[in-house]
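Keep in mind that the numbers below use all heavy atoms, side chains included, and drop hydrogens, waters and symmetry copies.
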Amino acid sequence: MEECISVFDMLKIGVGPSSSHTLGPWRAAERFLGELRNEKLLAAVNRVKIDLYGSLSLTGKGHATDLAVMLGLSGQDPEYIPVENIDAIIKSIESKNEINLGNEKPIPFYFLQDIVFNKNFLPFHANGMTFTAYMTDDSEYISTFYSIGGGFVVKEERINAKKKIKIKCAFPYPIEKAVELLDFCKKENKSISEIVYENEKSMRTEAVIDHELVRIWKTMLECMYIGCHSEGILPGGLNVRRRAFDMHQNLIGLANYDSPQTWLEEIRKTEVKFRQILKWVSCFALAVNEVNAALGRVVTAPTNGSAGVIPAVLMYYLVIENHNAGEKEIKQFLMVAGEIGSIFKKGSTISAAMGGCQAEIGVSSSMAAAALCELMGGTPEQVLMAAEIAMEHHLGLTCDPIGGLVQIPCIERNTMGAIKAINAAELALETDPKNAKVPLDKVVDTMWQTAKDMNNKYKETSEGGLAIAVNMADC
């Protein structure tokens, strides 16, 4: 039975810098609170301990995993918390040695003792974490979660249960593989975005779908806007200087605007020679991931570390390719992107801790390529070809962040993923699908096999590659 994954599962609004290591643990902490409430145990808790394992431990500091679990246990929502409040909340916990559990029960909390970094891996997934609540009657409540990429959080027993119990999918067009998506498009004479829209309507009203898709885009646009207008040094100790600000200033000149939307309109008036296009696309991607690195609000697409690719490519379409495009095209783009991402999640992984950066930048580039291809008039066959081409040239990409921070090479890598996506879409548009040699499903399978064969030191552990070739002292 196929798994139902919505566009809104693949494109989540949250806080940087990592979907697996920040958003996932944050959501896990929220779920732990929910379990305590359901068991009517919250009032009896007098201490909480969090054990982080594997990749969450090895790169947790650089990914703000410790901060994320504290914010989650405090009852803060990553989608809506004012990001400017984060620092004050964390400082209050650390200075008072107290956490307001669920925003309703203050308990003692010593973050240096109560968050434990364990380098060993739990067997189920590289990103494991265990929450333990100690009660006033000396009993304990223990719960283990796994952050599996893109902000998705599961419990092992729930996954095992799925093997025994087939959960009925409500989608009229349930899709596990790309070939099934293509079959539905042919039978129904619909585009990929139209098939996705029908599936979404089985879960939400059209008004809600439209509103939420636009809200996702507005968050992306605001993120690019903030990134292009913020200068300085990124936090974390690498002393990485923001580059989007200077690049943007050189590109935009003396344009006059006062909001993200009027900014977009002004960009449409700028010079669009090839070099400028490369710079604009790179600038958009840099902007997003600099905001992400500074614990700003981004859209996980499909992860935080790869959050810049999809907005950069969609912005490229809006400001370079089609000045008449608006909400219709934006929603179309996001639905196609979400569907391609879900195919990779079902058939492989979107977690760098499991598959390296091919699972993040590779998937985001594939999502963006497919979405752009449909907007540019591509057939469903060409759209899937665009997704295949983009991923084919990311296979084997390692995840080796210096200092465990989502900065080097992660920020620049988003620019590369965006440019590759545009290239892949153009190649697909100029190719007869009958001549294609590699179907998307084969690339998904290959990516998963590559992920399994990849050495763990290249899977977001900071134990290999650039992460050891360049150390913090060099920076």
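- Screening V153, N127, L122 against Y146 for a side chain to side chain contact (heavy atoms under 4.5 Å, CB included) leaves a single residue, L122.
- Rounding to the nearest 0.5 Å places CG of N304 at 5.0 Å from CG of N292.
- Interatomic distance, D246 CG to E231 CD, rounded to the nearest 0.5 Å: 7.0 Å.
- Taking CD1 of I81 as the start and CZ of R297 as the end, the distance is 7.5 Å to the nearest 0.5 Å.
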Stepwise side chain to side chain donor-acceptor pair (under 3.5 Å) test for S55 and H21: CA-CA 8 Å; S55 182; H21 291 61; 2.9 Å; yes
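- In terms of heavy-atom proximity, L466 sits nearest to I402 at O-CG1, 3.6 Å.
- Side chain to side chain, T130 and T144 meet the donor-acceptor criterion of an N or O pair below 3.5 Å.
- Salt bridge present: R243 and E412 bring a charged side-chain N and a carboxylate O closer than 4.0 Å.
- Counted within 6.0 Å of OH on Y458, heavy atoms from surrounding residues, nucleotides or ligands total 12 or fewer; the atom is thus considered open.
- T132 and E140 form no side-chain donor-acceptor contact under 3.5 Å, judged by distance and modelled atom types alone.
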Side chain to side chain contact (heavy atoms under 4.5 Å, CB included) evaluation trace for V7 with E339: CA-CA 6 Å; V7 171; E339 185 59 40; 6.0 Å; no
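- Residue-environment remark: CD (E327) stays at or below the threshold of 12 foreign heavy atoms within 6.0 Å.
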Full working for salt bridge (Lys or Arg N to Asp or Glu O under 4.0 Å) between E79 and R215: CA-CA 12 Å; E79 191 167 343; R215 187 166 75 96; 2.4 Å; yes
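- Side-chain contact check for E360 and T303: at least one donor-acceptor pair (N or O, by modelled atom type) lies under 3.5 Å.
- Scanning both residues, A418 and V281, for their nearest heavy atoms gives CB-CG1, 3.7 Å.
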Steps toward side chain to side chain contact (heavy atoms under 4.5 Å, CB included) verdict (L372, I422): CA-CA 7 Å; L372 179 63; I422 296 169; 4.0 Å; yes
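- Annotation: the span from Y53 atom OH to N118 atom CG amounts to 4.5 Å, rounded to 0.5 Å.
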Worked verdict on H394 versus I361 for side chain to side chain contact (heavy atoms under 4.5 Å, CB included): CA-CA 8 Å; H394 282 93; I361 293 294; 3.7 Å; yes
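- E35 has a carboxylate O that lies under 4.0 Å from a charged side-chain N of K155, or vice versa, which qualifies the two as a salt bridge.
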Q449 and D453: CA distance, side-chain angles, deciding distance, side chain to side chain donor-acceptor pair (under 3.5 Å) verdict: CA-CA 6 Å; Q449 188 59 53; D453 291 341; 3.2 Å; yes
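- Atom NZ of K452 has more than 12 neighbouring heavy atoms from other residues, nucleotides or ligands inside a 6.0 Å radius.
- At a threshold of 4.0 Å, the pair R241-E290 does not count as salt-bridged, since none of the basic side-chain nitrogens sits closer than that to a carboxylate oxygen.
- Using bins of under 30°, 30° to 60° and over 60° for the plane-to-plane angle, the ring pair H248/W280 lands in the perpendicular bin.
- Taking a 6.0 Å sphere around CG of D138, one finds it holds 12 or fewer heavy atoms contributed by other residues, nucleotides or ligands.
- Using bins of under 30°, 30° to 60° and over 60° for the plane-to-plane angle, the ring pair F131/F32 lands in the parallel bin.
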Intermediate values then yes/no, salt bridge (Lys or Arg N to Asp or Glu O under 4.0 Å), R37 and E104: CA-CA 11 Å; R37 289 191 179 101; E104 58 187 271; 2.9 Å; yes
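- Smallest separation of non-hydrogen atoms from A467 and P401: CB-O, 3.4 Å.
- When only modelled atom types and interatomic distance are considered, Y317 and N322 share a side-chain donor-acceptor pair under 3.5 Å.
- Interatomic distance, OH of Y257 versus CD1 of I267, reported as 7.5 Å (0.5 Å rounding).
- Within 6.0 Å of NZ on K218 lie no more than 12 heavy atoms contributed by other residues, nucleotides or ligands.
- Between atom CD1 of residue I115 and atom CG of residue D66 there is a gap of 5.0 Å, rounded to the nearest 0.5 Å.
- Under a 4.0 Å N-O distance rule, the pair E94/K91 does not qualify as a salt bridge.
- Under a cutoff of 6.0 Å and an axis angle of 45°, K345 and F152 form a cation-pi pair.
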